[in-house]
Amino acid sequence: QQKVQQSPESLSVPEGGMASLNCTSSDRNFQYFWWYRQHSGEGPKALMSIFSDGDKKEGRFTAHLNKASLHVSLHIRDSQPSDSALYFCAASEQAGSFNKLTFGAGTRLAVCP
Amino acid sequence: GALVYQYPRRTICKSGTSMRMECQAVGFQATSVAWYRQSPQKTFELIALSTVNSAIKYEQNFTQEKFPISHPNLSFSSMTVLNAYLEDRGLYLCGASLGAETLYFGSGTRLTVL
């Protein structure tokens, strides 16, 4: 079983809509989470990190972490066609210099004009 | 933002031959560098992790004999895939961290093995 599980596998939202992506860890040692976005032909780009319970907002992106349930979500408000990409949740036991990331399998987001 | 450059972007090699790829952190001194491989199915595997003042640590299923890494300083790293075979194909990603929180990746080197 994968230690970091993402859902759904794929998601389609209309332009201007809200996209919600989910991630759950089965390993209680994972305390630090990141969301990455990968466009076709590129490497993954860090969107945001979240280490504390609650919400963290950066522009149109809001991450939510519930450490008790090891669940983290990403919500994209006012989705744009340029948001169409693969989104990965990544988790680590440590932040800082020893951040060894474990990635989920990804959610493919399509934003339709 | 942090920039990590990788080159070449893509490479094709014959089965059994070797190829070298390079990674450079631009504008910052990375405190850790990690090499990952992303499979054609998009899953990630950590190959090795290197931090300031410590030796390069390889993950299970990856060895220095197969994936030697050169690390003269934490702004530059190179890795060679020796005796590449079909199972070695994928997107090789270099990630560099400023030590604070986040690992920043380059665009990767896509390896195709014929």
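Below, chains carry the letters A, B, ... as their sequence lines are ordered, and counting in each starts from 1. Below, all heavy atoms of this structure are taken into account, side chains as well, without hydrogens, waters or symmetry copies.
To the nearest 0.5 angstrom, A/Lys45 atom NZ is 12.5 Å from B/Thr102 atom OG1. Of the inter-residue distances, the one linking A/Glu42 atom CD with B/Leu93 atom CG reads 10.5 Å to the nearest 0.5 angstrom. Of the inter-residue distances, the one linking A/Gln38 atom CD with B/Gln38 atom CD reads 4.0 Å to the nearest 0.5 angstrom.
The aromatic rings of A/Phe103 and B/Phe44 lie parallel to each other, with less than 30° between the two planes, well short of the 60° mark.
Taking a 6.0 Å sphere around CD of B/Glu87, one finds it holds more than 12 heavy atoms contributed by other residues, nucleotides or ligands. Summarising the local packing, NZ of A/Lys56 is surrounded by more than 12 heavy atoms from other residues, nucleotides or ligands at distances under 6.0 Å.
Contacts between B/Arg9 and chain A at a heavy-atom distance below 4.5 Å involve the side chain alone, from C-beta outward. Neither the backbone nor the side chain of B/Gln6 has a heavy atom closer than 4.5 Å to any heavy atom of chain A. Neither the backbone nor the side chain of B/Gln41 has a heavy atom closer than 4.5 Å to any heavy atom of chain A.
Note: the hydrophobic cluster containing A/Leu109 also contains A/Phe33 (ILVMFWY, side chain heavy atoms under 4.5 Å, direct or indirect links). In the hydrophobic clustering of ILVMFWY residues, with side-chain heavy atoms under 4.5 Å counting as a link, A/Leu21 and A/Phe30 come out together. With hydrophobic clusters built from ILVMFWY side chains whose heavy atoms lie under 4.5 angstrom apart, B/Val4 does not share a cluster with A/Met48. There is a path of hydrophobic side-chain contacts, each under 4.5 Å, that joins A/Val111 to A/Phe61. Under the 4.5 Å side-chain heavy-atom criterion for grouping Ile, Leu, Val, Met, Phe, Trp and Tyr, B/Ile69 is not connected to B/Leu82 through any hydrophobic cluster.
With a 4.5 Å cut-off on side-chain heavy atoms, B/Tyr36 and A/Leu101 count as touching.
A/Pro44 approaches B/Phe105 most closely through the heavy-atom pair O-CB, 3.4 Å.
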